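First the structure, in the form of structure tokens, and then the observations on it.
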Protein chains: 2
Amino acid sequence: MRQLNLNALRVFAIAASHGNLQRAADELNLSRGAVSQRIKQLEIDLGVVLLKRGARGVSLTAEGKRCHAGVTDALAVLETALVSIGEENDHVTLHLGSSTATKWLMPRMDAFATAFPKLSLKTEVHEQILSRSLGRNEIALWPGSEQDPNLAHRSRRLTDIRLVAVCSPDFLRPDWPMGLETLLTLPLLQDAHRRWEKLIEATGYGNVHKLLNFDRSALALDAAICGHGIAIAPTYMIENDLSSKRLVEIWVDPEPSDDGLYVSWSKDHVGEHHISRIVDWIASEFR
Amino acid sequence: MRQLNLNALRVFAIAASHGNLQRAADELNLSRGAVSQRIKQLEIDLGVVLLKRGARGVSLTAEGKRCHAGVTDALAVLETALVSIGEENDHVTLHLGSSTATKWLMPRMDAFATAFPKLSLKTEVHEQILSRSLGRNEIALWPGSEQDPNLAHRSRRLTDIRLVAVCSPDFLRPDWPMGLETLLTLPLLQDAHRRWEKLIEATGYGNVHKLLNFDRSALALDAAICGHGIAIAPTYMIENDLSSKRLVEIWVDPEPSDDGLYVSWSKDHVGEHHISRIVDWIASEFR
DNA sequence: CACCAGCGTTTAGAAAATCTATCGCCTTGG
DNA sequence: CCAAGGCGATAGATTTTCTAAACGCTGGTG
């Protein structure tokens, strides 16, 4: 165990997560044979078979599962420690979803730059929530129904997520505000959360006139701005479009939701690196 | 970061913890030059200087400290996951101090074997408390003043640590039980805890007749059995010697202590692997 | 002040690990 | 039965890593 080849462990972890040696080889820029050999050698070193080779790919054995879990955890710890290595203390990385980036962060970039003139901000957009812990000088913004469960993090609820239906002022019917039932007969724009569909299901109203799907909220909102229909989105994403009159609210979800927007940062290093000040600034933007 | 050489990170971690490349090389069965080169290459890959080279060895730079902490953590996680790999489920490893092993475990080995006939027990004696977390099928026994703070562990207080002074029946003076003051004039045997010295300091009694130091409790107790003086030790270590009349109690520390003996095991995998049953058995041995 | 011991670095060449390319052997789905 | 998609084994090429020896620096010592 002392002399175990750690690089081989990483190769194994990647192969295991793909369930396929070829794809692992692609990710590692190696040939399939190389991956096969390294895993074979690792198994010899450990004295344990980690992968079951099938005709349709590889799968984990019981021992393999334990090993994979351990290696994955360890790599996550390592990555957390190493992301910020070599980074200056005046660099901060903000992790968030693409729509939050477009609709919330972008309109506030100037204000941010003014508030922290010496700080260099790096934005990273993710489809998935980060699998590792946040390092020093990293901040994440995520919607969810509860506090960040990661014990290495501190987190703070920024705002409730309240849904509103919005459309372009040009699209507006004269008889607004209208009931949900009328609303549902118009072209509906929704994102991957499929909030209109859920609403329809919950209310029991049937026949939908027109339903357009986008893979992210920002696109649905942009479609609404262009007058293609009615989008449904959290309030925090549309403030800017409302104040610039590109969108108008035509309906507010009466149903209270547990969901909120949260900000998380590393529990370690609190006090250093401006992080707390930035979190305070972010929170202040939500009043 | 993706392609970072993990083996080099381990070499760095070992070198950093020794503060000396030669000793790291010895531990790794490598030449000094090899260690030097790997760390150099790692620094190039990371784009950061990790070690400050001095005339008297190496020391960590600020970045190096962060990196070392991260790597150490990650390796601990990994080791925790891998120690038990390839181990059968009917193997259990017990970690404890050497005196606890000699004076508590040894006399109970038969009883243990009877209680768990199918189980294979591996004992590991340590000078220091384990730096990694316990894996599945590992149990640790440690004295301390509080619960095991490791969040990945469950733990249970087995008994209070009460100190008693003991000596061989042959050594016994006719006028026992005696006061502490008289006691302190006799040859005193103590271990690395230096409990007699603390007692003398606390009571303020001066001139000590004779003080013999041993590096572990079991040796002090064995010396007492041989009639060389009076040892001071926790009650749980001497039960066997008392009942076999090799030792007799001549004084009990009246001062209550927060210290206790604790047993810890992994929080994960609870329910599997007999671990709970073994912990129960251990606890039952303390009534 | 000269000298030595301890420690890190550099270099070239040797040794070992690792990779690629190919071929062979399954299994699965048409 | 054949083709496609996967994995394994092997041999030779390539790259990495190691050793050994010489070098340079620093601090202690007589």
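Values reported hereafter were calculated over all heavy atoms of this structure, with side chains retained and with hydrogens, waters and symmetry mates removed. The sequence lines fix the lettering, A, B, ..., with proteins before strands; numbering per chain opens at 1. Because the structure is predicted, anything quoted here is derived from the model rather than measured.
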No-hydrogen, no-angle side-chain donor-acceptor test under 3.5 Å, [X] and [Y]:
X	Y	result
A/Ser84	A/Asn137	no
B/Ser155	B/Gln147	yes
A/Gln190	A/Arg195	no

May I ask you to test the [X]-[Y] pair for a side-chain heavy-atom distance under 4.5 Å?
X	Y	value
B/Thr80	A/Asp73	no
A/Leu78	B/Val71	yes
B/Lys103	B/Ser217	no
A/Leu51	A/Phe12	yes

Query raised in the report: Is a side-chain N or O of B/Trp196 found less than 3.5 angstrom from the main chain of B/Leu189, in a donor-acceptor match?
Result: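 Indeed, once roles are kept as given, a pair shorter than 3.5 Å links the two residues.
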Requested in this report: Report the distance from atom CZ of A/Phe116 to atom CG of A/Leu121, rounding to the nearest 0.5 Å.
Outcome: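 Output value for this atom pair is 10.0 Å.
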Report summary line: Protein-proximity profile, nucleotides 16-29 of chain C, B/S/- by nucleotide at the 4.0 Å heavy-atom cutoff, equals --SBB------S--
Report task. Evaluate the side chain to side chain contact (heavy atoms under 4.5 Å, CB included) criterion for residues A/Gln41 and A/Asn5: first the C-alpha distance (whole Å), next the side-chain angles of each, then the deciding distance (0.1 Å), finally the verdict. Result -> CA-CA 9 Å; A/Gln41 186 57 48; A/Asn5 190 329; over 6 Å; no
Requested in this report: Residues of residues 16-24 of chain A with any non-hydrogen atom less than 4.0 angstrom from an atom of DNA chain D: list those, numerically ordered, please.
Outcome: A/Asn20, A/Leu21, A/Gln22
**Report entry** Covered region of DNA chain D, 5' end to 3' end, by chain A [heavy atoms, under 4.0 Å]
**Finding:** D/dG6 to D/dT10
